[in-house]
Amino acid sequence: MALITKKIKGTEDVLPKDSYRWQFVENIMRNEARSYGFKEIRTPVFEHTELFTRGVGQTTDVVQKEMYTFDTKGGESVTLRPEGTAGAARAVLEHSLENDGLPIKASYFVSCYRYEKPQAGRLREFHQFGLEEYGTQSPAADAELICAAQSIFDRLGIEQLRLEINSIGCPVCRAEYHQALKSYFEGYTDKLCDTCLSRLDKNPMRILDCKSPICSKIAEGVPKITDFLCDECREHFDAVQKYLDAADIKYTVNPTIVRGLDYYTKTVFEFVTDCIGAQGTVCGGGRYDGLIEELGGKHLPSLGFAMGLERLLMLMDTQGIEIPKPTGCDLYVAAMGENAAFKAFEIIKSVRDSGLIAETDVVGRGLRAQMKYADKIGAKYSLVIGDNELEQGEAEVKNMESGEKTRLALDNTFAEKFSILEITDDKAFKI
Ligand code: ATP
Ligand code: MG
């Protein structure tokens, strides 16, 4: 029995007292996405396994080691999404979204599932916000995407997050680079981990993303991809940087960034911090011009990024960024006796309908306990209804901070008069 009161390792609950922090961050992301012209897409939490093996890439850690894959009762292999892009790309194809005009700009919030070793900033269920743009090869789109991520961090007040960019070229220039990497790593076959050895022939760039300290150390000396870029990729990368300069976005070029998923081409970027320990990549993204073709569609150059909400909230915490707590309650109506309780119920309904937060007793507490509760939930105003108030048809609304009282009629004008009182009092506090 004890088992059912324990969450699964690597998962987290967001409790009612803390959810405002998530909502605050999500609202900023939603608004920012909107101002950059992105509309939300929602896709299923599970997909055919093949979508991820093809879309994310056979030689990636995600596909080789981390996916939650199972057979359904119908004998199909399905996988809990390890990331958001493959599902979005599948939906673009399935609904022929290119017919609505290009570029297709979509934003998403997703929970993701990866069987990883749980540690600070690394969970088995985690959450991402991401932007996706399909149907543009212009470097302006790469820069637009990076700007959108930067704007979100700025609006959240986040500092000490550096932007690192790179270009990993296209299949044309990468063929030569793969050769150079292979020759380099072949000098270390006695030291590389087994996974990297198996990647040496198929996809040597994956070795650059290995988390083993020995492989990372060896990877420090690799030839730089930026020395192998073809003319088109070089021009694209230069133009992305010019657009970023024009938008006054600060960045450094880091030729070792390759990203963890196979589908990337040309621009890749990460927002990295040293403030939250080893898992310091808060956001990662780039261009994946070949993805839609890989999934069976026409050539549709695309790009996107995803940021991890848990790591972002951790970073805001360590930087002491205060997230404004929402008002708990505008009005608490305490009631003495059954008739008063009915009246209280009527009053809170009208106040709630007017858009404010109102509460009354639904537990059966006595008056003192009700007032204690009003204090506990931080009610800005309280109102006590008893036999006298019912008889007079009026009651005193008390400002819990200043103690000031105002008499209001307990009829259908109450909500309107209360909201005016609320606004004027609020102003008075601010002056
Ligand atoms: P890492 O190198 O840290 O494993 P990744 O390259 O696998 O990251 P992406 O697939 O690019 O990560 O996902 C984008 C973002 O999602 C990451 O930058 C990170 O903020 C977040 N993220 C990825 N995996 C996890 C995880 N297991 N737990 C929490 N957040 C994660
Ligand atoms: Mg990873």
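Read the numbers this way: they start at 1 and go in the same order the structure lists the ligands and their atoms. Treat the numbers as computed from the prediction; the structure is a model and nothing was measured.
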### Task
Would you mind telling me if ligand 1 is within reach of the side chain of E310, the backbone, both or neither, using heavy atoms under 4.0 Å?
neither
### Message
If only side-chain N and O atoms count, and only distance matters, is there a donor-acceptor pair under 3.5 Å linking D142 with H236?
### Response
yes
## Note on the structure
T318 and L315 have their tightest heavy-atom pair at OG1-O, 2.9 Å
### Message
Please tell me whether T85 and E132 have a donor and an acceptor in their side chains that are separated by less than 3.5 angstrom.
### Response
yes
### Query
Backbone, side chain, both or neither: what part of K211 comes under 4.0 angstrom of ligand 1, heavy atoms only?
side chain
#### Entry: Proximity flag R311 to ligand 1, non-hydrogen atoms under 4.0 Å
yes
### Taking every non-hydrogen atom, the tightest pair across F129 and A33
CZ-CB, 4.1 Å
### Message
Which of the numbered atoms in ligand 1 are under 4.0 angstrom from any heavy atom belonging to V282?
### Response
18 (O), 20 (O)
### Query
How does R122 reach ligand 1, if at all, at less than 4.0 Å between non-hydrogen atoms: by side chain, backbone, both, or neither?
both
### Task
Any atoms of ligand 1 less than 4.0 Å from a non-hydrogen atom of Q128? List them with their elements.
13 (O), 14 (C), 15 (C), 16 (O)
### Message
Considering both backbone and side-chain atoms of M307, is one of its nitrogen or oxygen atoms within less than 3.5 Å of a nitrogen or oxygen in ligand 1?
### Response
no
### Message
For a quick check under 3.5 Å, do Q150 and D154 share a side-chain donor-acceptor pair by atom type?
### Response
yes
### Message
Show me which atoms of ligand 1 lie under 4.0 Å from any heavy atom of R259.
### Response
6 (O), 9 (P), 11 (O)
### Summary
Checking heavy atoms under 4.0 Å, the part of C283 that sits near ligand 1 is backbone
### Query
Between the side chains of T69 and T79, is a donor N or O closer than 3.5 angstrom to an acceptor N or O?
yes
### Distance-only polar pair, side chains of R199 and Q64, donor-acceptor under 3.5 Å
yes
### Message
Heavy atom to atom 23 (C) of ligand 1, shortest distance: which of Y113, Y115, F126, F129 holds it?
### Response
F126
